[in-house]
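To start, the structure under review is shown below, and the notes come after it.
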Amino acid sequence: MAKASPPGGGRKSSGRTPAQAAVYWGTVGAIWVVIFTVVFLGAMAVDLPDIKKLQNTQQQHAITYLDRSGALIAVRGGSQYAAPVDIDQLPTYVPLAFVAIEDRRFFTHPGFDPMGMGRAVVRNAFRHKGSNLAGGSTITQQLARNLFLSADQNMKRKVQEIMIAVWLEHKYTKKQILALYLNHVYFGAGAYGIEAASERYFNKQAKDLTVGEAAMLAGLMKAPNSYSPLSDKERAGRRATIVLNEMVDAKVITPEQRSDALSHPITVSKSLATAHAQYFIDWLDSNTRALVGDPKEDLIVETTLDLPIQTDAEHAVQTIMARDAKKGVQQAALVSVDGEGRIRAMIGGVSYADSQFNRATMAYRQAGSSFKPFVYLTAMEAGYQPTTPVVDEPYSIGDWSPQNFEKTYMGVIDLQTALAESINTVAARLANDVGRDKVAATAHRMGVTSKINTDPAMALGTSEVSPIEMAQAYIPFSNGGFKATAHGIIRIRTASGKLLYQYRESNQDGGRVQVVNNPPLTEMNQMMRGVVQHGTGAGVNIPGYDLAGKTGTTSDFRDAWFDGYTGGFVTVVWVGRDDNTPMKKVTGGSTPGAIWKTYMSSALKRIQVSPIPVGPADSSLGTVAEGALQDLLGTQAGQVQASQQAPENGVPAPVTMQPIPNPEEKPKKDGSLDDVFSQAQQKNQ
């Protein structure tokens, strides 16, 4: 007899009551939650930093930077990361100002604040497009991020931040965490820690801060650069008022103390924070420890910087940029380097307080016609001469036709006139004839380190370079043809005198490498003297000095350069806008030329100046030029050589180079390449 099925024909009941089933499935769910949590946290902890090394971050040693004559430039590290300032030595309102504005529940949460995080999530969900994200991080989380993590905003970093914050809360007391925070947080303008910030902004110790000054420093935490009293004192003051109100609401100070603070204006010291040498020190500071490892004592770094010349550079940039602000120029960079590659002055921007981005080393902009000397040098090494006649006329490479800056043509001219007047048609034709790949190789041989494109417009400076590498690449023109690496450190030693590092060129024997021979070197210096004497750079000429150089202006006036030199001393100036929008007809001979002349007029009086060296004795073309010439036999180089044979009437015949199809040209699929080349060819002068 078959067994009767349960009512409804379903499966047999487990026999659990509803309460038992709830307990069972609740337990199963809890187990899975635990498993998921363990796996998730394990994944988050895979690359978690060794947080037990916290004490080591408090023991980093100071690095003192000196200029080439031993004058103090800056001190980094040391007090910024030393044992925390005794929080009991600070007025009570100083640490509590940070608690009031940054983390009101600091003394009660376990390292993270669920309420604050929830509020931040809601705010971010309904925020307006373009507005900043709400953070929700506690002081402990901020400390965790500052000590161990990056500032990247992603889920993994946030989870790791919470994990470290919980560990810190377990390891340290609230007072210790607050002290660590105050001594490690970044206050802008290169100041880490409240002691450094107090000295930087108010020229006093942290224990002497007033209520208003404490509120201003606490207000910086939201955005150190945006609320800096150095760049916008009015905005910093409004932010400090908000902090004072929060301090009253949290009963840190009384309403009477707030009124008293608001009635006394705060005096901010700009002297150290706005020094442009800070760009130079930032550039060195990132590499100093890498050169010598983890130091066991304080370090002394002897640099190449010349503070008097640096002061001249600062004055020139400030004066001319203020004068030409109506032209839409916003930023500038300047690099001076001697014939051995030693950086003597560096300006990374108009205001270090406003922006710590170093445009001298980190901004890559199109070089414009300041790139043309590498085109002409390649031609000189291939057998051309400054007096070689050419024709400035309409010219095409495939579908691309370069235009001159003035939109006119000069007809029959020679190469030295073409360079002095920065004629685009001649430069484009020349690069195409000698080989654009050879021009790129020449630029790299001279010292350009960035990738160089070899499209038809490359001769007009469409490749992006930094001011420091352009200065480096012009060094061989100034020092007799020797390559040199731009550098800022002479030696590093310990405070007790032990030598840890000595600069030495990277070549095997430490000697100099000849990268330009004669006659090309002499010919190039002759032509670039012409740029300064009667060409596009005539405005920078300083009577009594042997000067040479090249202007550069890119499409729609987005970038303007002047790269100039005398014997063993090169200075490159760039001006433009960070957003790469056009200026108002600013050319290389205008604003950058004016900065260059203003600066060099003072700097040349401070240094031992010599004429531009002639270089090695005249010889054959050399292996580089000979190889280039052999490759060009039967092409335009042959025409040039033929034209240089003594003619019957004593006048060289002009070399009219016919349009040559671009060997890289491919069947055109659409009109987009036309647009690209049309725009690129205007990145001229």
Can a donor-acceptor pair be found between the side chains of [X] and [Y] at a distance below 3.5 Å?
X: Q205; Y: E199; answer: no
X: Y65; Y: D285; answer: yes
X: T536; Y: S422; answer: no
X: S450; Y: E469; answer: yes

Below 4.5 Å, heavy atoms only, C-beta onward: do [X] and [Y] meet side chain to side chain?
X: Q472; Y: M446; answer: no
X: S370; Y: M470; answer: yes
X: I490; Y: Y501; answer: no
X: M346; Y: I468; answer: yes
X: T494; Y: D298; answer: no
X: D232; Y: E234; answer: yes
X: L66; Y: V301; answer: no
X: M583; Y: K327; answer: no

Distance-minimising heavy-atom pair for [X] and [Y]:
X: A277; Y: E314; answer: N-OE2, 3.9 Å
X: A197; Y: L217; answer: CB-CD2, 4.2 Å
X: P467; Y: A360; answer: CD-O, 3.5 Å
X: F187; Y: L220; answer: O-CD1, 3.5 Å
X: E381; Y: V515; answer: OE2-O, 4.3 Å
X: Y474; Y: P373; answer: OH-CG, 3.3 Å

- request: Before giving the answer on side-chain hydrogen bond (donor to acceptor under 3.5 Å, both in side chains), spell out for T566 and D546 the whole-Å C-alpha distance, their side-chain angles and the decisive distance to 0.1 Å.
  value: CA-CA 6 Å; T566 185; D546 184 15; 5.6 Å; no
Does this structure show an ion pair linking [X] with [Y], if we count only N-O contacts that are shorter than 4.0 Å?
X: R342; Y: D306; result: no
X: R577; Y: D559; result: no
X: E340; Y: R512; result: yes
X: K207; Y: E195; result: no
X: D563; Y: K550; result: no

How far does [atom1] of [X] sit from [atom2] of [Y], to the nearest 0.5 angstrom?
X: F374; Y: F477; atom1: CZ; atom2: CZ; value: 5.5 Å
X: I489; Y: R491; atom1: CD1; atom2: CZ; value: 12.0 Å
X: R445; Y: T378; atom1: CZ; atom2: OG1; value: 7.0 Å
X: R606; Y: I309; atom1: CZ; atom2: CD1; value: 7.5 Å
X: M458; Y: F371; atom1: CE; atom2: CZ; value: 4.5 Å
X: Q331; Y: R365; atom1: CD; atom2: CZ; value: 10.0 Å

Flag, side chain of [X] to backbone of [Y], donor-acceptor distance under 3.5 Å:
X: S601; Y: K597; answer: yes
X: S466; Y: A363; answer: no
X: W561; Y: Q366; answer: yes
X: S369; Y: T551; answer: no
X: D324; Y: K326; answer: no
X: T522; Y: N518; answer: no
X: N358; Y: M362; answer: no

- request: Among I492, T288, V292, find the residue that satisfies the side-chain contact (heavy atoms from CB on, under 4.5 Å) test when tested with I63.
  value: T288
Within a reach of under 6.0 Å around [atom1] of [X], are more than 12 heavy atoms found that belong to other residues, nucleotides or ligands?
X: K585; atom1: NZ; result: no
X: H315; atom1: NE2; result: no
X: K605; atom1: NZ; result: no

Cation over ring face, R235 and Y227, 6.0 Å, 45°: yes
task: Show the numbers, then the answer: is there a salt bridge (Lys or Arg N to Asp or Glu O under 4.0 Å) between R493 and E302?
output: CA-CA 8 Å; R493 54 184 171 85; E302 300 172 32; 2.8 Å; yes
message: If you apply the rule side chain to side chain contact (heavy atoms under 4.5 Å, CB included), what do you find for W574 with I347, and how did you get there?
response: CA-CA 10 Å; W574 165 88; I347 304 290; over 6 Å; no
Stepwise side chain to side chain contact (heavy atoms under 4.5 Å, CB included) check, L305 with I73: CA-CA 9 Å; L305 199 77; I73 304 175; 3.8 Å; yes
field: Working for side chain to side chain contact (heavy atoms under 4.5 Å, CB included), residues N580 and R558
entry: CA-CA 6 Å; N580 202 33; R558 298 174 191 274; 3.8 Å; yes
query: Parallel, tilted or perpendicular: which fits the ring planes of Y503 and H487, with parallel below 30° and perpendicular above 60°?
result: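 Because their plane-to-plane angle is under 30°, the rings of Y503 and H487 count as parallel.
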task: On the 0 to 90° scale, with breaks at 30° and 60°, tag the Y352-Y279 ring pair as parallel, tilted or perpendicular.
output: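 The rings of Y352 and Y279 stand perpendicular, inter-plane angle above 60°.
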message: Run N424 and K372 through side-chain hydrogen bond (donor to acceptor under 3.5 Å, both in side chains) and show every step you take.
response: CA-CA 9 Å; N424 286 339; K372 288 178 182 175; 2.7 Å; yes
message: If we check salt bridge (Lys or Arg N to Asp or Glu O under 4.0 Å) with R344, which of these qualifies: D67, D312, D338?
response: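 Answer after filtering D67, D312, D338: D338.
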field: side chain to side chain contact (heavy atoms under 4.5 Å, CB included) evaluation trace for Y599 with S336
entry: CA-CA 10 Å; Y599 160 62; S336 275; 2.7 Å; yes
- request: Report the C-alpha distance between E464 and K451 in whole Å, list the side-chain angles of each, state the deciding distance to 0.1 Å, and finish with yes or no for salt bridge (Lys or Arg N to Asp or Glu O under 4.0 Å).
  value: CA-CA 8 Å; E464 295 182 341; K451 181 180 179 181; over 6 Å; no
